[in-house]
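Comments concern the structure below.
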Amino acid sequence: MINDEFSLQLTQNVANALLERITGASSDALVSEDLDRLRRLVAAGHLSKKVVRQALHNVANNEALSAGIRESAAAEVADDFQATAIKSANSGEAGLRPYRSADTLLPTDWPIDRLENCGWTRFTDEQATNFLSDINPVDGRIRVTPRTTAVHFRPLPWYESEVLIRVRDPDWQTPNLALYYLSCEKSLMRLNGTAHPIHEVNAKAPIRLTDLNALDYLRFFCFFVRSDEGPFFIPAGVADPLLPAASIAVLSDDAKARLSLAKLMHIDEHGKFRCEATVYYGNALFNADFSVAPTGMIEMHSDSPICGDLPERIQAPLA
């Protein structure tokens with residue numbers, strides 16, 4: 001269970017990440033989505049109204065955005081608060097990059113500083129100690145300790161305040177092992193390779209899919225839901241850090257080009273997001289058509305092989 005204080009800290013961390021992302025954003029659509037998330041958190045009583053005011057200032061001062069959205073934000077500040085503009089807390093800094101699934105599904109051997117440059121935030125010592133004491137030992141045999149175990153979190157764009165938590169210890173005997181959890185209200189849901197914990201969080205959070213995040217959610221779901229031969233990994237291109245180098249070396253130019261295939265095709269008459277992607281499963285590559293329902297349910301409608309007998313599989317165990 002997550003206590004009230006820890007839940008509040010996670011929500012505030014999410015708010016801080018959104019504020020920084022708004023500061024460095026270049027997309028009006030992404031900024032509007034982040035503002036809506038902050039407003040809903042305020043309406044639910046999880047954040048102070050001052051957070052939305054700060055976000056509006058960040059929008060008004062972000063010259064990478066259109067004049068229309070900046071002027072609208074400045075007018076809202078003037079109308080609602082009748083106050084002079086304040087400087088952004090991160091003025092002159094780049095801020096966080098927009099969410100990218102390629103920055104979330106990363107090799108376990110990446111250095112901590114590189115991980116944090118990809119949008120992950122490390123728990124404080126006190127947070128890590130409390131968190132690790134709650135989950136130790138994982139599966140009754142995986143030991144975690146504040147001395148060697150690193151715990152990071154990051155927001156996910158299809159949830160309001162739930163975050164993805166990553167646990168990694170270089171002393172574990174299983175190579176490439178990382179453990180993942182989703183925070184859900186005051187509970188933790190271990191991502192164990194089945195769809196159940198994701199669907200449970202989707203129902204409780206609830207999930208909020210849009211045309212801007214549905215494809216990234218598909219990548220997330222297919223990575224964390226496993227079958228006998230591992231994840232149904234959807235690469236973000238030939239440079240995706242989880243792709244085995246030995247397999248890339250034997251791929252044809254056409255197959256390499258297909259690694260960047262993933263795209264949202266359209267939204268069908270049932271409101272489902274129809275996607276096309278290349279999937280790396282086991283030691284094979286294939287193209288697949290998916291539908292992603294607004295509830296987060298996913299169906300694979302068809303697939304066609306690209307190549308098989310690749311020399312390596314995706315090495316990213318969850319247990």
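For Arg21 and Asp34, the salt-bridge test passes: some basic side-chain N is under 4.0 Å from an acidic carboxylate O. Between Glu33 and Arg37 there is no salt bridge, since no side-chain N of the basic residue sits under 4.0 Å from a carboxylate O of the acidic one. Ionic pairing of Glu162 and Lys204 is not present here: no N-O contact between side-chain nitrogen and carboxylate oxygen is shorter than 4.0 angstrom.
For the residue pair Arg219 and Ala262, the shortest heavy atom distance occurs at NH2-CB, 3.3 Å. The two residues Ala102 and Ala236 make their nearest non-hydrogen contact at CB-CB, 3.9 Å. Between Arg100 and Thr104 the shortest heavy-atom distance is O-OG1, 3.4 Å. The nearest pair of heavy atoms linking Tyr159 to Ala205 is CD2-CB, 3.7 Å. Summarising the geometry of Arg168 relative to Leu177, their closest heavy-atom pair is NH1-O, 2.9 Å, with the distance given to 0.1 Å. The shortest non-hydrogen separation linking Arg166 to Leu106 is NH2-O, 4.1 Å.
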Sequence neighbours excluded and cut-off under 3.5 Å, please list the side-chain donor-acceptor pairs for residues 308-319, or say none.
residue, atom, partner, partner atom, Å
Arg313, NH2, Glu229, OE1, 3.4
Gln315, NE2, Arg313, O, 3.4

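Using a 4.5 Å heavy-atom cutoff, the side chains of Asp171 and Thr149 are not in contact. At a threshold of 4.5 Å between non-hydrogen side-chain atoms, the residues Asn202 and Thr295 do not count as touching. Considering only heavy atoms from C-beta on, Phe273 stays 4.5 Å or farther from Phe290 through its side chain. Counting heavy atoms from C-beta outward, Pro155 and Leu18 have side chains that stay 4.5 Å or more apart. Looking only at side-chain heavy atoms (C-beta outward), Trp172 and Pro170 stay at 4.5 Å or farther from each other. Counting heavy atoms from C-beta outward, Phe153 and Gln127 have side chains that stay 4.5 Å or more apart. The shortest side-chain heavy-atom distance between Asn213 and Arg208 does not fall under the 4.5 Å cut-off. Side-chain atoms of Leu209 and Val292, non-hydrogen and from C-beta on, do get closer than 4.5 Å to each other.
For the atom pair Arg40 CZ and Leu38 CG, the distance stands at 9.5 Å (nearest 0.5 Å). Note that CG of Asn58 is 8.0 Å distant from CG of Asn62, once rounded to the nearest 0.5 Å. Distance CD1/Ile234 to SG/Cys275: 8.0 Å, rounded to 0.5 Å. Note that CG of Leu212 is 6.5 Å distant from OG of Ser27, once rounded to the nearest 0.5 Å. From Glu63, atom CD reaches atom OG of Ser26 across 13.5 Å, with rounding to the nearest 0.5 Å. Separation of atoms CD1 (Ile306) and CG (Leu285) is listed at 5.5 Å; rounding is to 0.5 Å.
With hydrophobic clusters built from ILVMFWY side chains whose heavy atoms lie under 4.5 angstrom apart, Leu105 shares a cluster with Trp110. By the rule that hydrophobic residues join a cluster once side-chain heavy atoms approach within less than 4.5 Å of another member, Ile112 and Val144 end up as members of separate clusters. Met297 and Ile267 fall into different hydrophobic clusters, where Ile, Leu, Val, Met, Phe, Trp and Tyr side chains are chained together by heavy-atom contacts under 4.5 Å. Note: the hydrophobic cluster containing Met265 does not contain Leu261 (ILVMFWY, side chain heavy atoms under 4.5 Å, direct or indirect links).
When atom types are taken as modelled, the side chain of Thr23 and the backbone of Leu19 share a donor-acceptor pair closer than 3.5 angstrom. With hydrogens and angles ignored, the 3.5 Å screen pairs a side-chain donor or acceptor of Asp28 with a backbone N or O of Ser66. Counting only distance, with no hydrogens or angles, the side chain of Asn136 and the backbone of Leu132 share no donor-acceptor pair below 3.5 Å. Panel note: side chain Arg226, backbone Gly193; no donor-acceptor pair is recorded below 3.5 Å.
A side-chain N or O of Asn192 and one of Thr194 form a donor-acceptor pair less than 3.5 Å apart. Glu20 and Asn16 are not linked by any side-chain donor-acceptor pair at a separation below 3.5 angstrom, with hydrogens and angles left out of the test. Side-chain contact, His301 with Ser291: a donor N or O sits under 3.5 Å from an acceptor N or O. For the residue pair Asp240/Tyr280, the side-chain donor-acceptor check at 3.5 Å is not satisfied. Side-chain atoms of Asp228 and Tyr281 include no donor-acceptor pair closer than 3.5 Å.
Other residues, nucleotides and ligands contribute at most 12 non-hydrogen atoms within 6.0 Å of the CG atom of Asp125.
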Could you go through the side-chain contact (heavy atoms from CB on, under 4.5 Å) check for Leu242 and Phe233 one step at a time?
CA-CA 9 Å; Leu242 276 180; Phe233 184 66; 3.8 Å; yes
Go through His152 and Leu115 one step at a time and tell me if the side-chain contact (heavy atoms from CB on, under 4.5 Å) criterion holds.
CA-CA 9 Å; His152 290 77; Leu115 185 71; 3.6 Å; yes
Could you walk me through whether Arg143 and Asp169 pass the salt bridge (charged side-chain N to carboxylate O under 4.0 Å, His left out) test, one step at a time?
CA-CA 9 Å; Arg143 308 296 300 184; Asp169 194 318; over 6 Å; no
Working for side-chain contact (heavy atoms from CB on, under 4.5 Å), residues Phe221 and Phe232:
CA-CA 9 Å; Phe221 185 94; Phe232 295 87; over 6 Å; no
Run the side-chain contact (heavy atoms from CB on, under 4.5 Å) check on Leu251 and Leu259 step by step: do they pass?
CA-CA 10 Å; Leu251 290 179; Leu259 294 174; 3.9 Å; yes
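Ring-centre distance between Phe131 and Phe123: below the 6.0 Å cut-off. The distance between the ring centers of Phe224 and Tyr180 falls below 6.0 angstrom.
The cationic group of Arg154 lies under 6.0 Å from the six-membered ring centre of Trp120 and within 45° of the ring axis, placing it in a cation-pi geometry.
Tested against Ile165, the residues Leu188, Leu179, Leu182 include a single side chain to side chain contact (heavy atoms under 4.5 Å, CB included) partner, Leu188.
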